[in-house]
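This report concerns only the one structure given below.
Note that the structure is predicted; figures quoted are calculated from it, not measured.
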Amino acid sequence: MTDHFKPALDLLIAAPRGFCAGVDRAIRIVELAIEKYGAPVYVRHEIVHNKYVVDTLKAKGAIFVAELDQVPDDVPVVFSAHGVPKAVPAKAAERGLSYLDATCPLVSKVHRQAERLVNQGRHILFIGHAGHPEVVGTFGQVPEGSMTLVETVEDAEQVTVADPDNLAFLTQTTLSVDDTAAVLAKLRERFPTILAPGADDICYATSNRQGAVKAIAEAVDLMLVIGAPNSSNSKRLVEVAVRNGTCATLIQRATEIDFDWFDGVRTVGITAGASAPEILVREVIDHLATRFAVTEREVELVEEKVAFKLPRGLEAA
Ligand code: SF4
C-alpha cells in the first residue's frame, strides 16, 4: 500500500527511553569478557531483563544459568546488573571461579548504604517488589531480620517494628516515583524519625523515563511500551501512562502488535524500558509504517549523559 492510501498515524517518541548506563555497562562487560577469555562465558541470571539482549549475547558465546552450581570450574562468570546477595561472590571465590560483577553502580550504592545503616544498628524498611532480583540482592547484603520489605501503602500502614525511633528506609532503584512517594509519606507519618539517606534510591534512568512518558501521555491515544514482562521499570512505564490518562500496552517485539488496537487511534506514544535496545523501538516504528502513514516526533524531556566505568581489567580488552 502506498502512503497515499494508508491511514495517518502520528508517533510521539519519548526521550529518554531504552538503555540506561547500567544496562549498557552490564552488556559491555559480557561482550568484553567473551573477547578477553573466549567463549563460553557464563552469566548468572538474565544479564538484564530483555530476551533480545539475552539471545544476542547467547549467539556471541554467553551461557545463562540460574545458579552458580551450574557454572563449571575454570570458566568466568558474570553477575547480572540487578546485583547479587553477598553469598554469591563468596561462593564463587570459595570455588576459585573468576567472576565479573555487572551490578549497576547505582544498585551497589544501595547495597553499601544498607550495610552502613545496619552497622549503625538501624532497622531498614526497604520499599521494593518481592522476588525481584534487585531486592533479593539487596536483602542479601545484610543479616537476616535486619531489613523488612514494604511494597505498598497498605504495607506501610501495617508494618510493625521493634524500635520505631531507630529506623531507616531504602528503595529499589526501578520503582514508580509516585507510588514510592505515597509509601514514603505513610512511613514518615507513622515513624517521624525514620532516617532517609536520600529522597529515595529510584535511579535517574527510571525517573527520567517515567517523566518522559508523563510528558506525552495526555497527547496520545495509545502508548506502546517496549520491554519485558519481568522488567520492573518497563511495567512502571505502563502504569505511569495509564495513570496519566492513556491506554498503554507492554510489548516485547513488533510482532506482538495487533493492528486492531489502532481503531480510532490517531496519535501513538512510544517508549522503551531501560533494558530494551533502540533496535526494538525502530522495529516497532517500521512495523507500524507497513500499515500507517506515520509521522515521527521525538519529545525529549532531558538529555542523559551518564556513563559508568567498566571493572578494572576489562577496559583494555
Ligand atoms: Fe542502573 Fe537504573 Fe539502569 Fe537499573 S535502571 S541498571 S539502577 S541505571
Side-chain angles (χ1 to χ4, degrees), residues 18-72 75-93 95-115 128 132-141 172-174 201 203-206 227-228 230-234 273-278 304 306-317:
F19 277 7
C20 59
V23 163
D24 213 36
R25 174 180 180 269
I27 293 167
R28 206 61 202 122
I29 288 173
V30 178
E31 289 171 341
L32 289 172
I34 294 169
E35 273 176 37
K36 181 168 178 172
Y37 302 107
V41 162
Y42 277 67
V43 184
R44 183 185 175 275
H45 291 181
E46 284 190 331
I47 185 76
V48 300
H49 285 153
N50 188 274
K51 187 176 172 339
Y52 179 90
V53 170
V54 167
D55 287 346
T56 305
L57 290 173
K58 274 184 191 169
K60 291 181 179 175
I63 295 178
F64 291 85
V65 294
E67 288 308 332
L68 217 48
D69 299 343
Q70 296 162 269
V71 180
V75 184
V77 58
V78 179
F79 302 143
S80 81
H82 311 101
V84 290
K86 268 187 174 178
V88 174
K91 195 170 161 197
R95 282 185 54 196
L97 293 176
S98 48
Y99 63 85
L100 291 156
D101 190 354
T103 303
C104 175
L106 299 181
V107 175
S108 299
K109 187 176 148 212
V110 179
H111 289 181
R112 300 293 71 80
Q113 280 176 329
E115 266 191 312
H132 189 278
E134 183 185 327
V135 175
V136 174
T138 304
F139 269 69
Q141 304 303 310
Q172 191 177 329
T173 56
T174 50
D201 304 296
C203 74
Y204 78 96
T206 298
N230 58 345
S231 159
S232 174
N233 78 86
S234 301
S275 41
E278 184 64 13
E304 289 181 345
V306 180
F308 296 129
K309 279 190 189 155
L310 290 163
R312 213 169 294 146
L314 273 190
E315 309 98 316

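- Side-chain atoms of Thr174 never come within 3.5 Å of backbone atoms of Ser232 as a donor-acceptor pair (strictly under, hydrogens ignored).
- Taking the side chain as every heavy atom from C-beta outward, Asp69 and Lys91 approach each other to under 4.5 Å.
- Remark: side-chain polar atoms of Arg44 are not paired, donor with acceptor, to backbone N or O of Ser80 under 3.5 angstrom.
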query: Where do Leu68 and Val71 land on the side-chain contact (heavy atoms from CB on, under 4.5 Å) test, with the steps shown first?
result: CA-CA 5 Å; Leu68 217 48; Val71 180; 4.3 Å; yes
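- Taking CG from Leu106 and OG1 from Thr206, the interatomic distance works out to 9.0 Å, rounded to the nearest 0.5 Å.
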message: Using the rule given for side-chain contact (heavy atoms from CB on, under 4.5 Å), can you reason through Tyr42 versus Leu97, listing the C-alpha separation, both sets of side-chain angles and the distance that settles it, and then say yes or no?
response: CA-CA 11 Å; Tyr42 277 67; Leu97 293 176; over 6 Å; no
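- No more than 12 heavy atoms of other residues, nucleotides or ligands shown are found within 6.0 angstrom of CZ on Arg312.
- For the pair Gln141 (side chain) and Thr138 (backbone), a donor-acceptor distance under 3.5 Å is absent.
- Taking the side chain as every heavy atom from C-beta outward, Pro311 and Ile29 approach each other to under 4.5 Å.
- Between the OG atom of Ser275 and the NE2 atom of His82 there is a distance of 6.5 Å, given to the nearest 0.5 Å.
- Between the side chain of Thr103 and the main chain of Ser108, no donor-acceptor pair closer than 3.5 Å is present.
- When every heavy atom of Gly227 is checked against every heavy atom of Ser234, the shortest pair comes out as CA-OG, 3.6 Å.
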- request: Carefully, step by step, assess Leu57 and Val43 under the rule side-chain contact (heavy atoms from CB on, under 4.5 Å).
  value: CA-CA 10 Å; Leu57 290 173; Val43 184; over 6 Å; no
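- Considering Val78, Val30, Val54, Asp55 in turn, Val54 is the only one that fulfils the side chain to side chain contact (heavy atoms under 4.5 Å, CB included) rule with Phe64.
- The two residues Thr56 and Tyr52 come nearest to each other via the heavy atoms OG1-O, 2.7 Å.
- In this structure, the side chains of Tyr99 and Val84 stay at 4.5 Å or more apart for every pair of heavy atoms.
- For the atom pair Leu32 CG and Ile27 CD1, the distance stands at 12.0 Å (nearest 0.5 Å).
- Across all non-hydrogen atoms, the minimal contact from Cys104 to Gly22 is SG-CA, 3.8 Å.
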- request: Tell me, with the steps shown, if His132 and His49 meet side-chain contact (heavy atoms from CB on, under 4.5 Å).
  value: CA-CA 11 Å; His132 189 278; His49 285 153; 3.9 Å; yes
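- Here the CG atom belonging to Leu100 is positioned 10.0 Å from the CG atom belonging to Leu310, to the nearest 0.5 angstrom.
- Shortest non-hydrogen contact noted between Ile34 and Ala62 is CD1-N, 3.8 Å.
- Annotation: the span from Leu314 atom CG to Glu31 atom CD amounts to 11.5 Å, rounded to 0.5 Å.
- Put simply, the side chain of Pro277 reaches to within 4.5 Å of the side chain of Phe19, judged on heavy atoms.
- With hydrogens and angles ignored, the 3.5 Å screen pairs a side-chain donor or acceptor of Asn233 with a backbone N or O of Ala274.
- The two atoms that bring Pro72 and Arg95 nearest to each other are C-NH2, 3.6 Å, heavy atoms only.
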